[in-house]
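Have a look at the structure below, then the notes.
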2 protein chains.
Amino acid sequence: MAGSERADAARNRAAILAAAADLFDRDGAEQVSMNDIARAAGVGKGTLFRRFGDRTALIEAVLYPRVAAMLTLVEQGPPPLGPGGEPVAALHAYLDSLLDFVWTNRTLIRALEHHGPYAYYANPSSQYWISELARRLNAVRPGENTDYLTHVLFTALRADVIDYLVSGRRMDPDRVRAGLHRLAGS
Amino acid sequence: MAGSERADAARNRAAILAAAADLFDRDGAEQVSMNDIARAAGVGKGTLFRRFGDRTALIEAVLYPRVAAMLTLVEQGPPPLGPGGEPVAALHAYLDSLLDFVWTNRTLIRALEHHGPYAYYANPSSQYWISELARRLNAVRPGENTDYLTHVLFTALRADVIDYLVSGRRMDPDRVRAGLHRLAGS
DNA sequence: CTACGATACGGACCGGCGGTCCACATCGGC
DNA sequence: GCCGATGTGGACCGCCGGTCCGTATCGTAG
């Protein structure tokens, strides 16, 4: 059957994704080598690269379902996060969700951030989060130039930044949240 | 002579620093291996590690004189950047200087940013820049809690962020500058 | 049930990295 | 000119991400 996946291949793909997710979440993505993942999945290294191409793609594949879940909430969920809500509430709900998402998946996202020059920003998901952020900011501040503010807010939502503030500086996550909302304006 | 450096050792140290600075500035620090530097300096790899310990320390050593120069201006130069100026002007002069410093040395600073979890923030220079920023912010906004704002501003001054905005997004550096000043408040 | 091409497998292998080690060379005070 | 302290350089180490290819497995056509 053309375009379809052999049964053993599908089994291995699932095993690799599960093993990678486990190891990444437990040890931090930067500490886990491709060999580690292959061994944990009970699979040869070649299989792993054949399925996913390279390390970055594997990380993105692990992250993908979590991105998709959040995307669904943003695009089709109930207000204020979903469409149809009042602009100020929509903006704040969006910031909260992003903050939560980044915090929960910080080890994976950090690994993407620290790969290549603009690799993280070039990621399609990032592009989407940024443009959606710009949209919601503009709805709250029509006419204003929110370009720079958009990027500052997005940068303040980087995993390494949040992680540094919360884990390194022991800043209360609610303080971070409040700071973000304050920057975004009422 | 105890504590002193043999003549050949001093010569090699200078050669290594010069070669490293050249290569880093020309090719971007992330592209340059320790072997490259050793070869360019006409020195064995062992010598390079004996002098500087590891890659991070070498990068810091290359950056050090530039940091020291800026430090002198901040601590002993004429107002508004140096001490004695009016608080608002002092803050804005400081932001401008930091922006300029980061942009000029972006390849070196990026290399530090992408090393270990909090390596960049743990760097003594960073600690100083941050605390000085907090001081000047507080002088302008007495009584307010400027903790989070301080870190957001400092993050907005990361080399990878500025580089992404200016080189990647083609944002006018003056726009970045204006945005920073706006965030810092009048 | 068999035969057979397409597909997938796994681990030896590759080049290059940061970092270490140590037999040997050089330096410089006496 | 002697000789211990200091410095040197490149072979070497373990590990990384990524590739290659002889072999095993799959699933279909007959």
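Note that these values count all heavy atoms, side chains included, but never hydrogens, waters or copies made by symmetry. Sequence lines set the chain letters: A, B, ... in the order given, protein chains first and strands last, and positions in each chain run from 1. Keep in mind that what you see is a predicted model, and the values were worked out from it rather than measured.
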Does A:I16 reach the side chain of A:L58, with side-chain heavy atoms less than 4.5 Å apart? yes
Check the distance between D:dG7's P and B:F52's CZ and give it to me in whole angstrom. 13 Å
Hey, could you give me the OH/CE distance between A:Y148 and B:M171, rounded to the nearest 0.5 Å? 8.0 Å
Short question: side chain of B:Y94, backbone of B:W129 - any donor-acceptor pair under 3.5 Å? yes
Can you say whether the rings of A:H114 and B:H114 are parallel (under 30°), tilted (30 to 60°) or perpendicular (over 60°)? perpendicular
So what does B:A7 touch, heavy atoms closer than 4.0 Å: a base, only the sugar-phosphate, or nothing? sugar-phosphate
Starting at atom CD1 of A:I59, determine the distance to atom P of D:dG17, rounded to an integer number of angstrom. 9 Å
Euclidean distance, atom CG of residue B:L48 to atom P of D:dG7 [Å, nearest integer]: 15 Å
To the nearest Å, how far apart are B:N12 CG and D:dG10 P? 12 Å
Verdict with reasoning, B:R106 to B:D163, per salt bridge (Lys or Arg N to Asp or Glu O under 4.0 Å): CA-CA 7 Å; B:R106 59 189 179 280; B:D163 207 9; 3.7 Å; yes
Which part of the nucleic acid, if any, lies within reach of B:R51 when heavy atoms closer than 4.0 Å are counted: base, sugar-phosphate only, or nothing? sugar-phosphate
What does nucleotides 16-26 of chain C look like as a protein-contact string, B for base, S for sugar-phosphate only, - for none, at under 4.0 angstrom between heavy atoms? -SBBBB----B
Verify, without hydrogens or angle tests, whether A:S126 (side chain) and A:Y120 (backbone) share a donor-acceptor contact under 3.5 angstrom. yes
How long is the line joining CZ of B:R11 and C1' of C:dG28, in whole Å? 13 Å
